Amino acid sequence: MNKIIYFDNNATTRVSPEVKEAMDLFLTELYGNPSSIHQFGGQVKKHLEAARSQVAGLLGCQPEEIIFTSCGTESDSTAIYSALNAYPEKKHIVTTSVEHPAIYNLCRYLEKQGYRVTYLKVDEEGRLNLEELEKAIGPETAIVSIMWANNETGVVMPVEKAAEIAHKKGVLFHTDAVQAASKIPINLAGSQIDMLSISGHKLHAPKGIGVLYVRQGTKFVPFLRGGHQENGQRAGTENVPGIIGLGKASELALNNLEKEQSYVGSLRDRLEKGLLNRIPNIKINGARAPRLPNTLSVSFEFVEGESILLLLSDYGICASTGSACSSGSLEPSHVLQAMKIPFTFAHGTVRFSLSIYNTEEEVDYVLEVLPGIIKKLRDISPFSPANSAH
Ligand code: PLP
């Protein structure tokens with residue numbers, strides 16, 4: 001097998017060596033249950049609380065405001081259901097048309113359960129209109145949930161301003177920061193955000209660990225009921241190795257924030273400029289909006305994203321596409337549809353998402369092989385004007 005060139009970090013990340021090392025002890029020797037009364041359990045509990053402080057450090061909040069969950073999806077669901085259960089008389093949710101399925105599909109489901117959902121539109125760059133947000137919030141609104149950064153395009157939303165607008169109207173504000181955390185600074189103490197979700201496996205911690213931040217004083221109703229773990233806010237024996245790993249990963253992420261902007265940002269820009277210079281008829285999605293430094297969503301006209309990915313994969317290059325295979329047809333994702341990316345471009349969308357572990361050589365390798373792949377696919381594409389019957 002070729003050497004893997006991994007440009008799919010918005011899907012998941014490698015566990016960093018320091019994180020693995022920190023976790024090892026908790027998979028072998030320190031395996032006690034943090035709820036146990038004996039000193040073996042107590043020792044684990046101390047480490048768990050230290051990890052909570054490390055996560056709080058990354059998010060700029062208090063350790064007591066951190067609830068450990070199993071993943072970003074659980075954190076998102078917990079936030080939405082908490083608001084709906086805390087304010088049962090309110091039956092309206094405001095969110096966006098570009099959320100991750102963890103929020104988007106949950107809202108679609110809740111609509112079937114009798115809730116009303118407003119999906120705020122975005123413009124062709126993936127940007128939100130805050131005046132529309134203000135208009136959408138009413139006395140019936142239980143919660144506003146807006147992602148901090150989009151997983152497909154990397155477009156960053158003005159969530160701090162959005163939280164202020166929600167608060168002005170007396171409504172709770174949640175943000176899905178699964179893609180934002182570790183890539184851009186987050187300071188919850190200086191914001192009006194009430195709840196925020198993150199996920200370990202997007203920031204070089206393992207899969208199966210997430211966090212929901214809940215601002216002190218926020219009315220909160222648990223999602224999982226049972227034991228008294230997490231201060232009675234999330235039942236279930238803690239994933240101690242995962243929590244330790246996420247703590248370490250948070251500490252590293254905080255130290256690497258500057259590198260994320262400068263180093264990862266420059267790699268992404270090199271890839272973007274290189275593609276624009278080498279391949280005609282392409283479109284960078286969200287290029288005029290504020291974006292995460294690591295994400296590049298690029299649409300190649302007249303070809304299919306899946307075909308590009310398969311050919312890239314032959315060279316060991318891992319990326320993602322912007323369409324979902326549903327009922328045999330390749331539909332562009334709801335995000336690209338919401339941005340009204342023209343049909344001939346949307347189908348050929350590929351997402352490259354980088355990390356601090358990528359190198360300039362890897363970027364240059366993609367720039368070397370991708371133009372040939374696109375040419376080959378365009379030569380045989382029935383959509384390509386050169387090949388059409390007209
Ligand atoms: N929210 C966003 C923006 C994501 O990108 C993802 C994962 O891709 C999730 C939520 C879900 O996170 P998890 O895989 O931890 O459930």
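Each ligand, and each atom within it, is numbered from 1 in the order the structure gives. Please read these numbers as outputs of a predicted model, since none were measured by experiment.
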- Pair Thr153-Asn285, side-chain donor/acceptor within less than 3.5 Å: no
- Item | Residues Ser197 and His174: side-chain donor-acceptor under 3.5 angstrom | yes
Of all the atoms in ligand 1, which lie at a distance below 4.0 Å from a heavy atom belonging to [X]?
{"X": "Gln179", "answer": "3 (C), 4 (C), 5 (O)"}
{"X": "Ser199", "answer": "13 (P), 15 (O)"}
{"X": "Asn151", "answer": "3 (C), 5 (O)"}

Please determine whether a side-chain nitrogen of the Lys or Arg among [X] and [Y] lies less than 4.0 Å from a carboxylate oxygen of the Asp or Glu.
{"X": "Glu99", "Y": "Arg108", "result": "no"}
{"X": "Glu49", "Y": "Lys46", "result": "no"}
{"X": "Asp24", "Y": "Lys20", "result": "yes"}
{"X": "Arg288", "Y": "Glu125", "result": "yes"}

Distance from [atom] to nearest protein heavy atom, with residue and atom:
{"atom": "atom 4 (C) of ligand 1", "value": "His100 CD2, 3.2 Å"}
{"atom": "atom 13 (P) of ligand 1", "value": "Gly72 N, 3.5 Å"}
{"atom": "atom 10 (C) of ligand 1", "value": "Asp176 OD2, 3.4 Å"}
{"atom": "atom 16 (O) of ligand 1", "value": "Thr73 OG1, 2.6 Å"}
{"atom": "atom 7 (C) of ligand 1", "value": "Lys202 NZ, 2.8 Å"}
{"atom": "atom 14 (O) of ligand 1", "value": "His201 NE2, 2.9 Å"}

- Distance flag, aromatic centroids of Phe302 and His347, threshold under 6.0 Å: no
- ligand 1-proximal atoms of Lys207, by part, heavy-atom distance under 4.0 Å: neither
- What about Ala102: any of its N or O atoms under 3.5 Å from an N or O on ligand 1? no
- Parallel, tilted or perpendicular: rings of Phe40 and Tyr31 (30°, 60°): perpendicular
